[in-house]
Structure formats: structure tokens, C-alpha cells
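I have placed the structure first, in the form of C-alpha cells, so that the comments after it can refer back to it.
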Amino acid sequence: VKELPESRCDVLIVGAGPAGMMLATWMARCGINARIVDKRSTKIFNGQADGLQSRSLEIFDSFGFADRALKEANHMLEMCMWNPGEDGTLRRSDRVPDAIVGLSRFTQIVLHQGRIERFFLDNIKKHSKDSLRIERAVLPESLSISEDLCDDHSPETYPLKVQLRHLTEEEATPAQSNGETIQDGLFRSNLAEDDTDDLIAHSRANAGSTEVVKAKYMVGCDGAHSWTRRQLGFELEGEPTDFIWGVLDIIPITDFPDIRERCAVHSASSGSMMVIPRENKLVRLYIQLTEIKPDASGRADRSQITPDTIIKAAQKIIAPYQLTYKYCDWWTAYQIGQRVGTNFDYKNRVFLAGDAVHTHSPKAGQGMNVSMQDAYNLGWKLALVVKGVAQPSILSTYQSERRRIAQDLINFDHKFSRLFSGRPAKDILDESGVSMTEFKDAFVKGNMFASGLSVDYGSSMLVAKGGDAAEQGDGTDVSSSKTQIAGNQELAKNIKLGMRFPSYKVLNQSDARPWHFQEWFKSDGRFRLVVFAGNVLSTAQKDRLDAFCGKLTASAFLAPHIHKDIDVLTCHSAKRIETELLRDFPEVLHPFDDKTGWDYNSVFVDDLSYHEGHGEAYKNYGVDQERGCVVITRPDQYVGFIGELDGEGVKGVETYFQGVFVS
Ligand code: FAD
């Protein structure tokens with residue numbers, strides 16, 4: 001056995017799927033000494049997850065690569081529902097917008113997971129200056145935790161010891177199930193057994209090389225069969241269901257009129273199908289395979305499922321329309337299981353994210369999104385703790401915030417799957433059938449959830465809603481994260497505490513360019529203090545603003561953090577052409593740099609633009625145009641605090657950050 005020298009890292013990430021990549025992106029962005037390993041030798045090239053919800057695009061934009069996804073993806077704007085009419089023939093019954101109008105500046109798009117992973121890889125490379133690379137064909141084989149060191153967060157403490165095993169290229173390359181040229185995803189499907197233990201055993205027998213890594217934190221992003229979860233002895237709770245689905249990515253040849261629309265097709269008695277139009281003329285079909293049932297073990301025989309079985313099932317569902325193909329890009333099959341992890345962390349040292357803590361059906365397009373968003377929630381917290389900026393206790397909010405989202409996801413998926421997989425009711429007396437009106441209602445209502453924008457984090461030291469976090473109903477012990485203060489929701493009625501900061505158009509004070517305000521909420525690891533300065537042309541308001549800024553810079557606690565850990569953004573409501581950056585706004589709002597002069601990208605105005613209309617930001621945010629207010633957003637854009645633009649407001653800001661920062 002070749003043993004490599006023992007090494008140390010701050011954060012060890014296991015698994016380089018969407019969750020692991022998102023976490024690595026944060027690590028790169030915040031300059032953390034991290035490693036990321038994956039048992040597979042290559043990234044995904046096609047197939048797998050493909051739906052990106054609005055919130056994921058907002059997140060991509062905050063890292064600077066949404067434009068790449070938007071350019072290459074297919075944009076889904078309308079959803080059509082097809083089901084049998086009174087004569088039993090399939091017909092279009094409804095058209096609805098695919099996303100709720102006005103909720104986000106992005107709508108839903110589809111692009112396969114391989115491209116999304118590519119964007120992450122490029123971003124990680126750029127920000128880490130190529131020092132953080134995915135180490136492929138590497139997997140952990142043992143984890144030991146020094147229990148007595150877990151609560152000691154001093155910089156030289158490494159409570160985790162992980163033995164990593166390096167595989168050969170051959171060991172790390174999954175075999176395709178049919179030995180054919182069409183790629184399939186069966187090896188990653190829940191119909192296949194996990195191969196982690198076999199890989200380790202094979203490598204041991206062949207005397208593969210190993211190394212020991214000491215880490216401060218570890219994150220298991222290793223998918224539904226999570227090895228990390230197994231080491232911790234945590235379970236996924238829930239049940240598999242009997243519904244078996246096939247997935248085909250094909251270029252269809254068809255006379256079905258809505259093949260370029262997202263469609264839910266319920267046939268009278270041959271099952272249901274989801275049509276997802278994709279990039280490059282591809283279409284993904286999600287098809288329920290009614291003729292394949294699980295055996296006594298509860299699992300279906302995967303050898304019965306081929307692209308041919310799947311397309312035959314699709315042809316029956318879509319009849320009388322014709323459907324064939326010459327080109328198949330990828331296919332897979334899976335059985336829906338809806339499960340949530342019992343625990344998302346072990347002593348705030350080992351964390352689980354993504355499919356490792358929640359599995360569910362893919363057709364609502366949630367898995368990759370929610371998985372990435374778990375890691376998006378955790379990444380900046382870990383980075384700030386490793387850097388010694390934030391108190392380690394903020395790490396408890398990962399489980400309290402994300403476990404509830406996972407439960408909501410399972411409930412959503414449960415409802416949606418039942419309505420989707422069920423046979424359409426013939427009439428109102430047909431009780432075992434699914435009412436198509438109910439299906440449509442569930443889709444429209446579920447749209448808010450499915451966009452990722454309904455996330456509303458409970459009270460904690462990071463969300464000053466007041467009250468006790470334990471009351472938020474997820475049952476976790478969050479006594480350490482009681483809020484000291486309560487933000488005043490009334491001052492910004494539509495900037496909800498606990499939810500992501502919404503976006504409206506504002507103009508740059510210095511050059512009149514319109515921006516979506518959210519574009520300036522970059523994922524750079526900093527909190528944001530958003531100063532709604534109000535009508536700065538009124539003397540009384542100008543005095544309030546000056547007093548507020550004076551107290552802010554005079555605060556011994558806040559001053560060292562301002563601009564370093566807290567970015568300051570301003571939006572005022574006076575006329576742009578009657579106000580002057582240098583005359584009307586205190587320096588803290590547009591700091592001066594010896595080398596580059598004034599900051600011209602931090603003061604914005606709610607005013608009419610030359611080419612893009614008026615964003616009506618104050619009105620939309622529900623902020624008083626005269627008096628304004630102050631808002632704190634976390635590095636992930638969720639709203640932490642809202643206060644008055646006065647001395648009390650400064651105190652609130654100070655108290656908020658005293659609960660988060662080390663000093
Ligand atoms: P994974 O993507 O499973 O990644 C885990 C990674 O860890 C893999 O790279 C694996 O090689 C590695 N790994 C595993 N074990 C180990 C180990 N022991 N050591 C080292 N590395 C390890 N989601 C959507 O949002 N939208 C969709 O449209 C959608 N469609 C889907 C369609 C299909 C057919 C399938 C199968 C899934 C779909 N999903 C969809 C779900 C989505 O793919 C997953 O939810 C998402 O990939 C989860 O991301 P993850 O990073 O948590 O895990």
C-alpha cells in the first residue's frame with residue numbers, strides 16, 4: 001500500500017455533484033483551504049437533472065455565471081395540460097404561465113447537469129486561482145472524530161481524521177448497463193445498488209494508495225447513498241413508493257402540437273407523462289411505467305427497462321399522436337422514494353447536504369436546486385467561521401433552516417406525485433381518479449414553492465424576527481440562537497425577514513444606468529447593509545441620514561467590519577438629477593480608496609430611467625419614500641434585520657452583528 005503524506009485542510013467536501021460544487025464555489029470565493037473529492041473519474045456529460053428554478057439562477061448570478069446558463073438553456077414560459085375530454089380523446093385542457101409573473105427577474109430554464117457542473121468548475125478555478133480542483137477517483141474509507149475537540153473552534157484544532165483512498169481510472173469509471181453507446185444514468189439511479197463499498201474493497205485488494213487528511217469540517221455531498229451519512233449512523237426517514245418512472249432524452253419526431261412546451265399529459269388509462277423541452281432540440285420525457293412493478297423486496301428489476309420499453313409506454317400515453325425518435329441522448333429509470341434525513345449535522349463538524357439528506361421524485365425539478373441551495377446556505381457560514389469572522393454557533397442554523405425546507409419539499413413532492421401519477425377522474429363521481437382541476441390548482445399553487453422563492457427562514461441569530469427559534473417548529477435545539485432583537489417588518493413591508501431580498505430596478509446615481517438592485521448582492525461572503533436613504537433633498541431627512549452614518553462609523557464594534565465584512569448599498573428616493581453623490585451622501589456610503597478614488601457603484605436611486613421605465617422600488621419594497629429605513633441581508637441575500645434610519649437603527653444593526661461576529 002502506498003501511503004501519501006498526512007495533510008491538513010479546513011473543509012473536506014465529499015462528492016462533486018451540484019451540492020459539492022456549490023460548496024466548493026463558496027470555498028473558492030472566500031479563499032478557504034478546502035479539498036473536494038469524488039469517487040467517479042469524470043464529471044457528468046449528459047442527462048441527469050436539468051431544471052433550474054428562478055432562485056437558483058439568482059444564486060448563479062450572484063456568483064457571476066447565470067449569463068452562461070441563460071444563453072445555452074431552453075427557457076420554459078408556458079405549461080400545458082393534456083387529458084382526456086368527454087369523448088375520452090386526449091386534448092389540451094389548460095395553458096398556464098410556467099412561473100409566477102413578477103416574482104423574480106428570472107424564469108425557469110432547462111439545461112443538463114453536465115453544463116451546470118462546467119459553469120461551477122470554471123468559477124471555482126477562477127476564484128481559487130486554480131488551487132481548488134476536484135480530486136477525482138478519490139473517496140474516504142474511514143472517518144474518526146475526536147469528540148473532545150469538537151467544541152474547540154480554535155484555529156489549530158482539527159477534530160476530524162479521514163483516510164482517503166485513491167482509485168484507478170478503471171475502478172472509478174461506472175459501467176453502462178447495456179454496454180451500448182447511448183449513455184444511461186442507471187448507475188446513479190435508485191434502482192441500482194450503491195458501489196462505494198465494492199470500490200473500496202477492490203482497491204484494498206489491489207493495494208491502491210491511501211492518505212490521511214485532518215480536517216476542521218467535513219461535508220458529505222455524496223448523494224442518496226451517502227457514505228458520510230452512514231458513518232454518522234443517521235437515517236433517511238420515509239418510504240419508497242410503487243411508482244416507477246422512465247426518463248428519455250430524445251430528439252422527438254412527432255405530430256404532437258405542444259412538443260416545445262412543458263406539458264403534463266394524463267392519459268385515460270395508460271399512465272402519465274411529463275414533457276420537458278430542452279436545449280438543442282432535445283426533449284425530456286418523464287414517463288410512468290405502469291407495467292413494471294416492484295418485486296417483494298420493494299425494488300423493480302432494472303433489466304426490464306430499456307429505451308424501447310420507455311418509448312412504447314410514451315406512445316400509448318400520447319396516442320392518437322405519433323411519437324418516435326432517431327436520436328436518444330440519455331435515459332434512466334427510477335422509483336420514487338420520499339425521504340428526509342434525521343440529522344443534517346454532527347456536532348457542527350460534519351454536515352450533510354443535497355440528496356444525502358433528501359430524496360424525492362425528479363419531475364417537479366427540485367432535487368438539484370434544493371441540493372445546491374443547501375450548500376449555498378452552509379458554504380458562507382463555514383467560510384466565515386473558518387476565517388474567524390463569525391461565531392461557530394451560526395453553524396446550528398444550517399440544520400434548523402434547511403431541514404424544514406427538506407420536509408416542505410417532501411410534502412410538496414408527495415402531493416404533486418400523487419396528482420401527477422394518478423389516473424384522471426372520468427367525472428366527479430369517480431373517486432379513485434384524480435381531478436384535473438385539482439391538479440391544475442396544485443400546479444399553480446405549487447409554483448411559488450417550485451420557484452425556490454417561498455423559502456422563509458425562522459428566527460435565529462441570523463434572522464431577527466424576534467421570538468424563540470424553537471417555536472419555528474422544526475424541533476431542533478436552537479437555544480443558542482435566540483434572537484436578541486426583533487427587526488421592524490412594518491418599515492419595509494415587502495422585504496420579508498427570513499426571505500430573500502426581492503429585486504426591482506434602480507438607477508446608478510453616478511451614471512444613470514438601470515440595474516436590478518439584486519445584481520449588486522454578490523456572493524462574496526459579505527453581509528449587506530442596505531440604506532434606504534429616503535428623500536435626501538429634505539433637510540430633516542438629510543440630517544437623519546448624516547446622523548445615522550455618523551453613529552455607524554463611530555461604533556467601535558461595527559467600524560472594523562464596515563466594507564470588509566459588511567458591504568454598504570444605498571438606495572434613495574429623491575430626483576437623481578437634483579442630487580449629487582459627493583454633496584448629498586456621507587462618505588461611508590461611497591468609500592474613498594487611495595488608489596481608485598470614490599466608489600461609484602454603491603449609491604442607487606429609485607427614479608425614471610431613459611430606456612427601461614421606472615422600477616418603483618420604494619413602492620414595491622413597501623418602504624416610506626421620505627424616511628426610508630435600513631435592512632441587513634446575509635451573504636446569501638436572506639433578510640436578517642430591518643430598522644429605522646436613526647440612532648435606534650444603528651443600535652439594532654450593532655446588536656445584530658454582535659450576535660454573529662466574533663468581535
Ligand atoms: P449527486 O448529484 O448524487 O452527487 C453526488 C456525488 O458524490 C456524485 O458525483 C458521486 O460520484 C459522489 N459520491 C457518491 N458517493 C461518494 C463517496 N463515497 N465518495 C466520494 N464521492 C462520492 N433535480 C432537479 O433539480 N431538476 C431536475 O430536473 C432533476 N431531474 C432529475 C432527473 C433524473 C433522471 C435524476 C436521477 C435526478 C434528477 N434530479 C433533478 C435530481 C438531481 O439529480 C439530484 O437531486 C442532484 O443531483 C443532487 O445533487 P447532490 O450533489 O446532492 O448529489
Side-chain angles (χ1 to χ4, degrees), residues 12-24 36-44 46-53 55-56 76 108-114 116-117 120 134-141 143 162 164-167 172-174 184-192 194-200 218-231 245-249 262 274 276 278 284-287 330-336 341 352-375 406 409 413 450 452:
L12 175 65
I13 305 166
V14 181
M21 296 253 189
M22 175 66 84
L23 205 68
I36 171 166
V37 299
D38 196 289
K39 66 179 180 181
R40 300 281 178 234
S41 57
T42 56
K43 70 187 267 299
I44 289 188
N46 50 3
Q48 207 76 8
D50 61 359
L52 282 175
Q53 44 173 240
R55 180 61 190 146
S56 295
M76 292 203 299
Q108 197 175 187
I109 63 169
V110 259
L111 183 66
H112 77 81
Q113 195 168 324
I116 294 160
E117 292 186 3
F120 274 120
I134 315 281
E135 298 170 52
R136 298 207 173 268
V138 178
L139 80 178
E141 63 174 346
L143 162 67
V162 183
L164 292 178
R165 181 161 279 280
H166 293 245
L167 304 176
T173 310
D184 71 62
L186 282 183
F187 69 91
R188 294 180 74 137
S189 149
N190 54 3
L191 294 181
D194 182 44
D195 61 357
T196 301
D197 293 340
D198 293 345
L199 291 175
I200 294 173
M218 173 168 160
V219 189
C221 300
D222 43 358
H225 297 294
S226 177
W227 176 90
T228 315
R229 189 186 66 228
R230 278 197 279 139
Q231 306 316 300
W245 289 74
V247 187
L248 264 189
D249 283 351
R262 179 176 178 198
M274 177 84 92
I276 308 279
R278 296 263 308 270
R284 170 167 288 189
L285 304 176
Y286 283 110
I287 301 140
W330 182 83
W331 68 279
T332 193
Y334 62 92
Q335 191 171 346
I336 300 171
L352 297 169
D355 277 12
V357 270
H358 39 75
T359 62
H360 48 86
S361 79
K363 89 206 134 303
Q366 294 298 303
M368 175 169 59
N369 294 282
V370 178
S371 297
M372 290 189 301
Q373 286 161 30
D374 285 344
L409 170 64
D413 193 56

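Because the structure is predicted, anything quoted here is derived from the model rather than measured. Atoms within a ligand are numbered from 1 in the order they appear, just like the ligands themselves.
Look at D222 and K39 and you find no salt bridge, because none of the NZ, NE, NH1 or NH2 atoms lies under 4.0 Å from a carboxylate O.
Heavy-atom distances between Q113 and ligand 1 reach below 4.0 Å in at least one pair. Look at W331 and you'll find every heavy atom at least 4.0 Å from all atoms of ligand 1. Residue contacts with ligand 1: P140 is included, with a non-hydrogen atom under 4.0 Å away. Ligand 1 lies less than 4.0 angstrom from a heavy atom belonging to R284.
Applying the 4.0 Å criterion to heavy atoms of W330 picks out, from ligand 1, the atoms 34 (C). Per-residue contacts place T196 under 4.0 angstrom from the following atoms of ligand 1 (heavy atoms of the residue considered): 18 (N).
At distances below 3.5 Å, not a single donor-acceptor pair connects side-chain atoms of E117 with backbone N or O atoms of G17.
The distance criterion of under 3.5 Å between nitrogen or oxygen atoms is not met by W227 with respect to ligand 1. Close N/O approach between Y286 and ligand 1 is found [any backbone or side-chain N/O within under 3.5 Å]. Ligand 1 has a nitrogen or oxygen under 3.5 angstrom from a nitrogen or oxygen of D355.
Residue P18 holds the heavy atom nearest to atom 49 (O) of ligand 1 of all those in G354, G51, G17, P18.
In this structure A406 satisfies the side-chain contact (heavy atoms from CB on, under 4.5 Å) test together with V340, F344, H358, sequence neighbours excluded. Every residue was checked against the salt bridge (charged side-chain N to carboxylate O under 4.0 Å, His left out) condition with D355, not counting sequence neighbours, and none meets it.
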